[in-house]
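One structure is given below, encoded as structure tokens.
If you're wondering where the values come from, they're calculated on a predicted model, not measured in any experiment. Here is the naming used below: chain letters follow the sequence lines, and residue numbers restart at 1 for every chain.
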2 protein chains.
Amino acid sequence: MKGIRQLAEQLDISIGTVSRALNGKPDVNDETRRRVLAAAEELGYVANQSGRSLRQGETKVIGLMIESSAEAVENADNFFLGVISGLQSVFARHKLDLIMLPCPSDEDPHEYLKRMVARRIVDAMIISNTQRIDRRIDLLSRAKIPFVAVGRSVSASNSPWIDLDFEGVADRAVERLIARGHRRIAITAPSSEVNLGYVFLDSYRRALERHDIAFDPSLVIRVRSSEQGGYQAAHELLLLEERPTAVILIYELMAIGLYRRLMESGVIPGRDLAVIGFRDAPRAQFLQPSLSCFRMSLYDLGAALGRMLLANMPAYREVYPDEACNIIWPLELTPGESDAFQVGAMV
Amino acid sequence: MKGIRQLAEQLDISIGTVSRALNGKPDVNDETRRRVLAAAEELGYVANQSGRSLRQGETKVIGLMIESSAEAVENADNFFLGVISGLQSVFARHKLDLIMLPCPSDEDPHEYLKRMVARRIVDAMIISNTQRIDRRIDLLSRAKIPFVAVGRSVSASNSPWIDLDFEGVADRAVERLIARGHRRIAITAPSSEVNLGYVFLDSYRRALERHDIAFDPSLVIRVRSSEQGGYQAAHELLLLEERPTAVILIYELMAIGLYRRLMESGVIPGRDLAVIGFRDAPRAQFLQPSLSCFRMSLYDLGAALGRMLLANMPAYREVYPDEACNIIWPLELTPGESDAFQVGAMV
DNA sequence: ACGCACTCCGTAAACGTTTACGAATGGTGG
DNA sequence: CCACCATTCGTAAACGTTTACGGAGTGCGT
């Protein structure tokens, strides 16, 4: 099947009519339309995307840019795999397709995105792993490509983003720990480049101050957000002169490495050290003692993300009129055994 | 920047010359070319992909079809994230871009692929999670789209594929365990639909027969290849009347759930039960006792996959003349503590 | 002075769609 | 019988690019 021309020839109809029939335009006879659709089905005709895009200036494709960095591989982050289902559930309603654009680890994300955008391969973009200052946001704004960022950014003053409720998590984690008598609460954070670390720490700090607990920089453990990082975090924790009684992990998976290092030194999570995790990583559910952790539905997050994006695309705006421009995604605490003790209480 | 026409106008050159200059065609003056390239750079011009594809019938894009099923999310499989780096390292040399096509979980993979192929959005495809009988292979063959399958298939008699060395792993695992005195060796496998399970089991069976050990179907544990599945596998293992002394896991991550369930019953891996894993999942490296596991380089696998694909594309065939059509990818054993004991030996 | 080769560039067609426009037909009301 | 509308379809232009073809200019050998 070469193209619409062949199909039209076969049916002895003009290509214009065939096109209209296939695209559900009004001015075509019902019988004719039936014949066209039947023939297209039989011959397996599907419109060539290049021709269509060229003509109407849109591709019906949404791009999701991800990074295949070594760290991402190490983390084996299922975040986007989960989010994608939610995204697709929304996109499918509008016959939009989602493709993932993995930025090569040796290419500058900004340059990569620039290339992809200029090629006009997608109508809109979702970018992730947003940095505090992220030139990709300016790029997309200037190019007038609808987009949504996963993760807030200072560049994104008035552009749409969705982000996890880091403040709420840090806040509630600190409150919960303090209520159980903890005073020395450690926290992990990634390098300050990444935006989420900043917000997370800030909220942690304010929560402490509310309870007149001085912020102690030595309790901020800067490690990678991976199991390896968790292992290292535990290591550094154990080296501290005045050992904390609790630790908040910015990434759930870190608990696996952390537990291991603690066990090696005979420190038992949930008895000698309270541990609270964050985000969603199914595999950490098998830890013992079970991890207290803030979790969420990746599917729902994806669906919200999809709606937000469509609300920013001229062609779909009216379908999603009241979509919020920014969302701080709430998380729910799944209580576990890892922080189920009072400080000073007899065991 | 609208298009090549604007650029040509700006430079007061015809669009033909501009196109030739940008594409490195020979018949254009050096000075002219310099000017064109400079102007393109300055104005941020990049050729519209739709126009280009339409004209030359190719997109310079390779598609990698993945599945975002619930199981995939649960596994949080880093397999493709790792493989992608290797793929891109090869593709980058030919200015090819890789996009990932996530098949919605509620759509038939075959129909999805059909849609994507018909749209002519990619020049070639990599398909994964190949089933024993996989109609996608016929589809691609008939459509004459170059492709490589990750995972062998009976449909793919003479089409290119790459697969892990399941035979070798099962074989060596059994040999290793038998050498340490094991006679009752359990093995996990996914539902028989998936091709890899079939091959894995078959090799396991043959290895046993070589040592005159009768194949016992009750020792084949059919569970999902996830942590959850590992937990369940351990559970079923413990219920067996005559408990095996060793178990081979088809997926490394299962060890995490398996360990947990074993521990709950006071059964210690590496002392009461030997455990050997398979494939690459960095997070399982933190298990204690450490897991004996067959591993590989995802990057190298990706690079080989990329070369194999290019060797099957007319435009690049001559660059990779001696690329094998089928590869069984070898894995190396990383010895750990989980199988470091002799059956019957005093502890 | 002429032919020839070579370099550089402009012209125009082609890729496969969609869609604005208008033509043809049939029906209806006056 | 005419004017008018509705329905249905064909025609042709347009989207942005690449490329075959040929023309203009220059240099060189005869």
Exercise for the section: Look at atom CG of B/D27 and say whether more than 12 heavy atoms of other residues, nucleotides or ligands are closer to it than 6.0 Å. Expected result: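 Yes, enclosed.
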May I have the distance from [X] (atom [atom1]) to [N] (atom [atom2]), rounded to whole angstrom?
| X | N | atom1 | atom2 | value |
| --- | --- | --- | --- | --- |
| A/R34 | D/dT8 | CZ | C1' | 17 Å |
| A/L11 | D/dC9 | CG | C1' | 14 Å |
| A/E31 | D/dC9 | CD | P | 10 Å |

Practice task
May I ask you to verify if any side-chain N or O of B/K25 is less than 4.0 angstrom from the OP1 or OP2 atom of D/dT18?
Solution key: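 No, outside the criterion.
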Under-3.5 Å N/O pairs linking protein and nucleotides 24-27 of chain D:
none

Hey, what do you get for [atom1] ([X]) to [atom2] ([Y]), rounding to the nearest 0.5 Å?
| X | Y | atom1 | atom2 | result |
| --- | --- | --- | --- | --- |
| B/I121 | A/S50 | CD1 | OG | 8.0 Å |
| B/T59 | A/Q49 | OG1 | CD | 11.5 Å |
| B/N312 | B/Y320 | CG | OH | 13.0 Å |
| B/L101 | B/L64 | CG | CG | 7.5 Å |

Practice task
Look only at the side chain of A/R119 and the backbone of B/N48, and say whether a donor-acceptor pair between them is shorter than 3.5 Å.
Solution key: no
Completion exercise
In 5'-to-3' order, the base (B), backbone-only (S) or no-contact (-) status of each nucleotide in nucleotides 9-17 of chain C, using a 4.0 angstrom heavy-atom cut-off, is BBB-BBBBB
Problem - Criterion side-chain contact (heavy atoms from CB on, under 4.5 Å) on A/R115 and B/D97, from CA distance to verdict - result: CA-CA 10 Å; A/R115 248 176 57 218; B/D97 273 310; 2.4 Å; yes
Handout entry: Worked verdict on A/Y112 versus A/M65 for side-chain contact (heavy atoms from CB on, under 4.5 Å)
Key = CA-CA 9 Å; A/Y112 176 76; A/M65 176 171 165; 4.0 Å; yes
